[in-house]
There are 2 protein chains.
Amino acid sequence: MSNKAAPFDELDRKIVAALIANARASFAEIGAAIGLSATAVKRRVDRMRENEVITGFTATVRPAALGWRTEAYVEVYCEGAAPPRRLAEVVRNHPEITAAMTVTGGADALLHVRATDVEHFEEVLERIRAEPFIRKTMSYLVLSHLLPDSAEAGAREPAPEGLGESAADLR
Amino acid sequence: MSNKAAPFDELDRKIVAALIANARASFAEIGAAIGLSATAVKRRVDRMRENEVITGFTATVRPAALGWRTEAYVEVYCEGAAPPRRLAEVVRNHPEITAAMTVTGGADALLHVRATDVEHFEEVLERIRAEPFIRKTMSYLVLSHLLPDSAEAGAREPAPEGLGESAADLR
DNA sequence: CTTGAAAAGAATGATAA
DNA sequence: TTATCATTCTTTTCAAG
């Protein structure tokens, strides 16, 4: 009664860390770094994609380079009970919302918003506030980042978990 | 007096969108989709990496699969004037902080924190609050996501910008 | 589970338009 | 800027330890 199906070992962790650091690294390269053949690495990656431990591979861009120079978090307060189903619909209507979640605390939801500039952000905010059951919003404009952006990068240390699973540091 | 050095055209935008959607796509594949040879695509990608329009390629993981089941945003209030330099130092001391920025509003900074569970989160919070000049924190635990995670993925429409540059939708 | 060989496909650099 | 071609490297499948 120990590990069920070798869900995630040290080698997997290192592979994930390598792919987070560089999603275009070759399997041979990763294998060389951790002492495995390219084939072995590929099979583990395939398995982790299957299990949705790895959900995809993406390019990280510098939003300012694409013209997105304004970033904000917006707390949303709704009329009465806010059904998350309905909130999700609203959120999808505004492409400038890049992340949205329900949270504890006074607000019903927290949105991450990107806009080209402050004028654009104001326009987005007005659009959001015009949605039927949004009662109030409260915005935090992002001034400067204190960490290298890191779209959640850099698996590091294992953290103990239930039984035999392990976790890796994000960032 | 129009475009200086072809900084970012429609083809570049499509390439970025393709790489955000799948960072492991081959240059030939991307080229076929947008009517360019693999070599031409590669050269444009090289240039965008050079310009740091594209800053890297990363794997997206499902944090819960790695044991990170608790997520929160934490507002930080400091004693007196909070020097961002000093704040950045503090932030780097806690690997559970995956993003941190200074913001407008009452708080001095907003942190994104990942922990394995609520107990771990409490421990992180205590560690942060024990830092010299942190006066107060206010936490928003994330309950559920309203959008598919998207580590800032999916460039879509061009948005007008200064003169002749273009921007792409994130998400 | 692993490795290693072999065919198919991709990356890269030179050449030329 | 672009495409084509040749070389090298990588991915992927397969047989087998």
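Lettering of chains follows the sequences in order, A, B, ..., and the numbering in each one begins at 1.
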- Task: Using a cut-off of strictly less than 4.0 Å, decide whether B:Arg24 has a side-chain nitrogen or oxygen near OP1 or OP2 of C:dA10.
- Result: no
For A:Lys42 and D:dT11, is the shortest distance between a side-chain N/O and OP1 or OP2 below 4.0 Å? no
Nearest whole angstrom, please: distance from the [atom2] of [N] to the [atom1] of [X].
X: A:Asp46; N: C:dC1; atom1: CG; atom2: P; answer: 12 Å
X: B:Phe27; N: D:dT4; atom1: CZ; atom2: P; answer: 18 Å
X: B:Glu10; N: D:dT1; atom1: CD; atom2: C1'; answer: 17 Å
X: A:Glu29; N: C:dA11; atom1: CD; atom2: P; answer: 14 Å
X: B:Leu19; N: C:dA11; atom1: CG; atom2: C1'; answer: 14 Å
X: A:Ile30; N: D:dC9; atom1: CD1; atom2: P; answer: 18 Å
X: B:Arg49; N: C:dA11; atom1: CZ; atom2: P; answer: 14 Å

A:Asp12 vs A:Arg47 side-chain heavy atoms within contact, under 4.5 Å
yes
**Q.** Check: B:Tyr73 ring centroid to A:Tyr73 ring centroid under 6.0 Å
**A.** yes
What nucleotide among [options] has an atom nearest to a side-chain atom of [X]?
X: B:Ser26; options: D:dT1, C:dA11, D:dT10; result: C:dA11
X: B:Ser37; options: D:dA3, D:dT1, C:dT3; result: D:dA3
X: A:Arg47; options: D:dA3, C:dT12, C:dC1; result: C:dC1

Cation over ring, B:Arg62 on A:Phe8, under 6.0 Å and within 45°?
no
What's A:Thr39 touching, base or sugar-phosphate or nothing? Going by heavy atoms closer than 4.0 Å. base
Query - A:Glu89 and A:Arg85 ion-paired at < 4.0 Å - result: no
Assign each of B:Leu36 and A:Ala28 the nucleotide of DNA chain D bearing its closest heavy atom; nearer the 5' end lies the nucleotide of B:Leu36
Here the pair of heavy atoms bringing A:Thr55 nearest to B:Val61 is OG1-N, 4.0 Å
